[in-house]
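In what follows, a structure is listed as structure tokens, so that the remarks can point back to it.
Below, all heavy atoms of this structure are taken into account, side chains as well, without hydrogens, waters or symmetry copies.
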2 protein chains.
Amino acid sequence: MSENVEPKRGREQRVTKQRLAVDAAMGRLDDFVSAQELHRLLQDNGEKVSLATVYRILQSMTEDGLLDVVRSGDGEAAYRSCEAEVHHHHLVCRSCGKGVEVLAPAVETWAARVAAENGFTESSHTVEIYGYCPDCTRLRAAGGQETA
Amino acid sequence: MSENVEPKRGREQRVTKQRLAVDAAMGRLDDFVSAQELHRLLQDNGEKVSLATVYRILQSMTEDGLLDVVRSGDGEAAYRSCEAEVHHHHLVCRSCGKGVEVLAPAVETWAARVAAENGFTESSHTVEIYGYCPDCTRLRAAGGQETA
DNA sequence: TTCACTGCAAATGCTTTGCAGCGCC
DNA sequence: GGCGCTGCAAAGCATTTGCAGTGAA
């Protein structure tokens, strides 16, 4: 029959400890991480994997459809294991950086539907909400950092 | 870090020909363009604006809410003039970069509610949906396995 | 005149790649 | 034993920034 889209391009993939380490780390994480962050995590974990290799493995896994990629606002690529169970978003404080995880099944559905309605396939999405957390809101109201 | 990230509205902005050129060009375009592309367009148009200045103006206009920004799959930032009064989001093709504007009052409300429920104030949010547009989906399904 | 803006080029930060040696199959 | 994989470091890209001259107000 015709070729499937899933098999790799005839390139065999050897099982090295670096690949295993990256694979394990990604499986353990349920959030997006940049290559740099992952590299730091691995080093922190005692694994010896070079940054270049992390990039190569991440790229390879992505080509094989094992990972999802998204670009964070700063041009860094963020990867996440595809089998992620629960997709969640974040509510982040503009002032102190504190973050709250947000689950929103409705938004997931909405995003998927919008993509489908426009004929887009293999959709994914990112949602981020910013604001001032209760503490910072209070501080701002009291202290009045306004200069203008 | 406790510093305020708020843009200085008090800062005056001089009307230079470079800014006018960028402004005019963006107003003429109705598609997303990267800073590099815009710079090339300007040069092609006889305008003398350096790349660095294009970046600076684009950044400045974005801060003032005059432009929309999205990240194409390759890490390049793409800008487009944002004349819409209402807050909208984008559905972007991962492959060809084509973008579709999406209005979603429900999501706006949801984001505001989530922020409020967590005691966050002055909330704002970003939502981006990625996928393969109809054309690219077709190409991928048709033959697009082996392509150099 | 004043000072924000501009151009140039060097600097940054993320990502890729060439090369030589190593380890999986 | 072959050949893909890894590490190191330099290369490559898009974007940012320091500095001094220029032009808008």
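- A:Ser81 places no side-chain N or O within donor-acceptor distance of the main-chain N or O of A:Gly27, the cut-off being under 3.5 Å.
- Between B:Gln36 and D:dC13, a side-chain N or O to OP1/OP2 separation shorter than 4.0 Å is absent.
- The side chain to side chain contact (heavy atoms under 4.5 Å, CB included) check on A:Gln59 picks up A:Glu63, with sequence neighbours excluded.
- Between the P atom of C:dT15 and the CD atom of B:Glu76 lies a distance of 14 Å, rounded to the nearest Å.
- Annotation: the span from B:Asp23 atom CG to B:Gln18 atom CD amounts to 13.0 Å, rounded to 0.5 Å.
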### Summary
Heavy-atom contacts, protein to nucleotides 16-25 of chain D, under 4.0 Å, summarised as B (base), S (sugar-phosphate only) or - (none) per nt, yield BBB----BBS
### Task
Kindly indicate, with the supporting measurements, whether the criterion side-chain contact (heavy atoms from CB on, under 4.5 Å) is fulfilled by A:Glu76 and A:Glu37.
CA-CA 10 Å; A:Glu76 271 185 296; A:Glu37 289 172 330; 5.6 Å; no
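- Whole-Å rounding puts the A:Glu47 CD to D:dT6 P distance at 13 Å.
- In this structure, CG of A:Leu58 is placed 13 Å from C1' of C:dT16, rounded to the nearest angstrom.
- Between B:His39 and B:Leu51, the shortest heavy-atom distance links the atoms NE2-N, 3.4 Å.
- Comparing the axis of the opening five pairs of the helix from C:dT1-D:dA25 to C:dC25-D:dG1 with that of the closing five pairs yields an angle of 30°, rounded to 10°.
- Whole-Å rounding puts the A:Arg19 CZ to C:dC25 P distance at 11 Å.
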### Task
List the steps and the verdict of side-chain contact (heavy atoms from CB on, under 4.5 Å) for A:Phe120 and A:Val114.
CA-CA 8 Å; A:Phe120 279 56; A:Val114 166; over 6 Å; no
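- Sorted by first and then second residue, the salt bridge (Lys or Arg N to Asp or Glu O under 4.0 Å) pairs with a member in residues 103-114 of chain B read B:Arg113-B:Glu117; sequence neighbours excluded.
- Note: B:His89 and B:His125 have tilted aromatic rings, judged against thresholds of 30 and 60 degrees for the angle between ring planes.
- B:Arg80 pairs by the salt bridge (Lys or Arg N to Asp or Glu O under 4.0 Å) definition with B:Glu101, not counting sequence neighbours.
- Taking a 4.0 Å limit (strictly below) on heavy-atom distances, residues 38-46 of chain A does not reach DNA chain C anywhere.
- Looking at A:Thr137, its side chain does come within 3.5 Å of a backbone N or O of A:Tyr132 through a donor-acceptor pair.
- The residue among A:Val49 and B:Ala35 whose nearest nucleotide of DNA chain D is located toward the 5' end is A:Val49.
- With B:Thr109 contributing its side chain and B:Pro105 its backbone, the two residues share a donor-acceptor pair below 3.5 Å.
- What separates CD of B:Gln18 from P of C:dA4 is a distance of 17 Å, to the nearest Å.
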